[in-house]
Amino acid sequence: MRFIQEAGDTGAYQYPAILRNYPLLSAIVAFSIAQSIKFFTHRYKEKRWDAKQFIASGGMPSSHSATVTALAAGVGIIEGFGSSNFSIALILASIVMYDAFGIRLHAGKQAEVLNQIVYELPEEHPLSDSKPLRELLGHTVPQVIAGGFLGVITAVCVCLINRISGRTFDF
């Protein structure tokens, strides 16, 4: 494991290099913020706390989009927006975001239809007591866009906080 020392440090305190991985930290912070927003939004709408919302998929904003855009923006800020690594991160982000509002959204709609069919089955049918499928899987386009903006804003804020505090990044 590689360790980094703070500039001007006497060597008394060292910490893992992963704590200087700015793109990774940006992605984790963006994911955490997006999931927290869902948690508190659910509390506001449903008037009850549901800890499952911290790990739930679907809803506003898209935590998948926030995570991958924060990662891509972090790579762009650190390595440059013309770097190969930024290109890889950008393509990855595009695929994840397309999947969120395309395939996963439609899978959720299919689950809704299948649940309705199972609900209408007679009690003696072998599938009548099947556990319902999860319906909230994907995102709408506004949810994906909101997640993307959250990711970019998070990456920029993490960068500014690190620069203000005088920290450097591990390249």
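Numbering starts at 1 and runs along the sequence shown. Note that the coordinates shown come from a computational prediction; the quantities given were computed from them, not determined experimentally. Scope of the values below: all heavy atoms of this structure, side chains included, with no hydrogens, waters or symmetry mates.
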A.B. asks: Give me the atom names and distance for the closest heavy-atom approach of Cys159 to Ile77.
C.D. replies: SG-CG2, 3.7 Å
A.B. asks: Work out which heavy atom in Phe86 is nearest to a heavy atom in Phe81; give both atom names and the distance.
C.D. replies: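 Phe86 and Phe81 have their closest heavy atoms at CD2-O, 3.1 Å.
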A.B. asks: Looking only at heavy atoms, what is the nearest atom pair of Ala155 and Ser26, with distance?
C.D. replies: CA-OG, 3.7 Å
A.B. asks: Between Ser63 and Gln35, is there a side-chain heavy-atom distance shorter than 4.5 Å?
C.D. replies: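 Touching, per the 4.5 Å side-chain cut-off.
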A.B. asks: Taking only residues two or more places apart in sequence or in another chain, which ones pass side chain to side chain donor-acceptor pair (under 3.5 Å) with Ser65?
C.D. replies: Ser62
A.B. asks: To the nearest 0.5 Å, how far apart are CD in Gln143 and NZ in Lys38?
C.D. replies: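 Taking CD in Gln143 and NZ in Lys38, the distance rounds to 8.0 Å.
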A.B. asks: Run the side-chain contact (heavy atoms from CB on, under 4.5 Å) test against Leu24 and tell me which residues pass, sequence neighbours left out.
C.D. replies: Ile18, Asn21, Ile28
A.B. asks: Are Tyr98 and Val68 connected, step by step, through hydrophobic side chains (Ile, Leu, Val, Met, Phe, Trp, Tyr) whose heavy atoms are closer than 4.5 Å?
C.D. replies: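 The answer is yes; both residues are in one hydrophobic cluster.
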A.B. asks: Could you check if a side-chain atom of Ile88 sits within less than 4.5 angstrom of a side-chain atom of Leu92, using non-hydrogen atoms only?
C.D. replies: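 Ile88 does not reach Leu92 side chain to side chain.
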A.B. asks: Out of curiosity, does Ile91 fall in the hydrophobic cluster containing Val75 (side-chain heavy atoms, cut-off under 4.5 Å, transitive links)?
C.D. replies: no
A.B. asks: Checking Thr67 now: which residues fulfil side-chain contact (heavy atoms from CB on, under 4.5 Å) with it, not counting sequence neighbours?
C.D. replies: Ala27, Phe31
A.B. asks: Check Tyr22 against Ile78 and note the closest heavy-atom contact, atom names and distance.
C.D. replies: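 Nearest pair, atom of Tyr22 first, then Ile78: CD2-CG1, 3.2 Å.
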A.B. asks: For the hydrophobic clusters of this structure (ILVMFWY residues joined by side-chain heavy atoms under 4.5 Å, transitively), does one cluster hold both Ile153 and Val144?
C.D. replies: no
A.B. asks: Does the side chain of Ile37 come within less than 4.5 Å of Pro61's, by heavy atoms?
C.D. replies: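 They are in contact (side-chain heavy atoms under 4.5 Å apart), so the answer is yes.
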A.B. asks: Taking ring-ring contact (aromatic ring centres under 6.0 Å, His included) as the definition, give me every residue that meets it alongside Phe149, ordered by chain and number, with sequence neighbours left out.
C.D. replies: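 ring-ring contact (aromatic ring centres under 6.0 Å, His included) list for Phe149, sorted by chain: empty.
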A.B. asks: Can you name the nearest heavy-atom pair linking Thr154 to Leu150, along with the distance?
C.D. replies: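 Heavy-atom minimum between the residues: OG1-O, 2.7 Å.
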A.B. asks: For Thr69, give me all partners under side-chain contact (heavy atoms from CB on, under 4.5 Å), at least two apart in sequence or on another chain.
C.D. replies: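 Thr69 satisfies side-chain contact (heavy atoms from CB on, under 4.5 Å) with Met97, Val152 once adjacent residues are dropped.
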A.B. asks: Please list, chain by chain and in numerical order, all residues satisfying side-chain contact (heavy atoms from CB on, under 4.5 Å) with Leu25, sequence neighbours excluded.
C.D. replies: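 side-chain contact (heavy atoms from CB on, under 4.5 Å) list for Leu25, sorted by chain: empty.
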